[in-house]
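In what follows, chains carry the letters A, B, and so on, assigned in the order in which the sequence lines appear, proteins first and then strands, with residues in each chain numbered from 1. Please read these numbers as outputs of a predicted model, since none were measured by experiment.
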Amino acid sequence: MKNVIRSVKGTRDFYPNEMSVRHWLLDAMRDVSLQFGYQEYDGPCVEKIDLYAAKSGEELVKEQSFVFPDRGGELIALRPELTPTLARMIANKQNELIYPLRWWSFGPFWRYERPQRGRSREFFQWNVDLIGTSNVESDAEAVAVAAMFFERVGLKSDKIKIVVNNRRLMDKSLDKIGVPESGRPAVFRLIDKIDKMSTEKWEAYALEIGLTNKQLEGLKTVLSNQSLWEESEELRSFFKAVAWLGVEEYVRFEPQVIRGLDYYTGTVFEGRDEARKFRAIFGGGHYDNLVADVGGNPLPGVGFAMGDVVIQLLLEENGCIPGDVMNPANVLVTVFDENTISESYRTSTLLREAGLKVVTYPQVEKLGKQFKFADKMGIRVVVMAGPEELAVGKVAIKNLLTREQESVGIEQAADFIRSLLAQEIAL
RNA sequence: GUGCCUGUAGCUCAAUGGCAGAGCGCCUCACUGUGGAUGAGGAGGUUGAGGGUUCGAAACCCUUCAGGCACCCCA
């Protein structure tokens, strides 16, 4: 341990157990994406820095990206997010793509930040985008994709909520209380902080960034008005569509939601655990002009991104990750002695051909040890092909859960095992 | 990038400047055709790394690395 070269700060090793959880998560994301007819895509993991300079929020690129010169001296960034790549890919083929397009992706991203719980320097992200329509029903669909994912992985709406706001509504509301456009970014940042600071500190901060007492009072009224959404045509239609999509129990209006990224223009939303124990689980929103920023014609769209780190913490905390996702096989075939080892391998082959996942114990060893191995690997069925069984053309099949054992003809073994496995699922 | 906290066996943690330990886990045996229990035995440590103070350092000091908390930002 002392002389092993350390891994890079903020990266994670995926041993088989972690890898199987990652795949389970990816499977859920893929299934839900496909349910809504989204197509998978991906871009390169490295991009020219200029791509991000175009938008993406200043800090994300300047302070939080892995940037380095390539051998020709050009500045390259490890992608900190996917949306600019998506915009570039669309701009390149803008006239041949079929709209509205629904694309999804899952891959690695990098941000040069100080690692903490729920935040690493290398992480995976699920990206879902619907591009080429600007109506709020599309925004509702994006939210529904996320909600269906939560349902699929067993996070019910008492554990998680998708909170929604609308930037145009907030702009209008800030207009009304007399906050000039030039002061908006600072006020948005202020709104974003309201949960993190004490009331006194927050108010002091508000005055510090130049709000008058009257504006502050107005802002407090706006932020505590849970029915403010009714003033927004867009949000009224949005919530109607959310109900059509059957996910209304996951979704609620929240005037304090702003989202950091500069490119959002309309609906914005994020996923939160109800206990507020973790940072945002995913975030997204509507944008009008992303493609235009990289040289294409303006195209509206809506999208969100979900990192793998926080959602995994939440899934673990709520016991949503099935224990058997880590099990490599459902059957172990033991070996009895040197004379019958060939029959063990033949039996394994037979069972594999019947569609089972089968491990053959690789050497002659005490049966107890082979059983222990099966137990520790989460294998629930052990098949023994010893001299006694082979003499009568049978194998002994033991269910490790019930401790029941039975001798079965070799031809019937696969069906018998399948019925055992089916029972376990029923339990 | 800023401030603070932590780092001891595979894991969770003790040892308050004086012999580096426990529980769990792991291995072996009781058990020559059967896993979780029980009992007996065993392995496993440069106390994250490097330096300093001291007769003596896991402990105190400095540096560094990693993780965590709060910022920052965000997945």
Please classify the nucleic acid contact of [X] as base, sugar-phosphate, or nothing, using heavy-atom distances under 4.0 Å.
| X | answer |
| --- | --- |
| A/G378 | nothing |
| A/T334 | nothing |
| A/R12 | nothing |
| A/E389 | base |
| A/A374 | nothing |
| A/F124 | nothing |
| A/Q405 | base |

Would you say a side-chain N or O of [X] is under 4.0 Å from OP1 or OP2 of [N]?
| X | N | result |
| --- | --- | --- |
| A/K366 | B/C29 | yes |
| A/K193 | B/C73 | yes |
| A/K9 | B/G48 | no |
| A/K369 | B/U28 | yes |

What N/O pairs connect the protein and nucleotides 3-6 of chain B at under 3.5 Å? Give each pair on its own line.
{"unit_1": "B/G3", "atom_1": "O6", "unit_2": "A/R114", "atom_2": "NH2", "d": "3.3"}
{"unit_1": "B/C4", "atom_1": "N4", "unit_2": "A/R114", "atom_2": "NH2", "d": "3.0"}

Name all stems that contain residues of RNA chain B, defined as runs of 3 or more consecutive Watson-Crick or G-U wobble pairs, both distances under 3.5 Å.
B:1-7 with B:65-71, B:10-13 with B:21-24, B:26-30 with B:38-42, B:48-52 with B:60-64
List in numerical order all residues of residues 269-283 of chain A for which some heavy atom is under 4.0 Å away from an atom belonging to RNA chain B.
A/R279, A/A280, A/I281, A/F282, A/G283
When rounded to the nearest 0.5 angstrom, what is the spacing between CZ in A/F66 and OH in A/Y112?
6.5 Å
In whole angstrom, give me the gap between the P atoms of B/G68 and B/C13.
14 Å
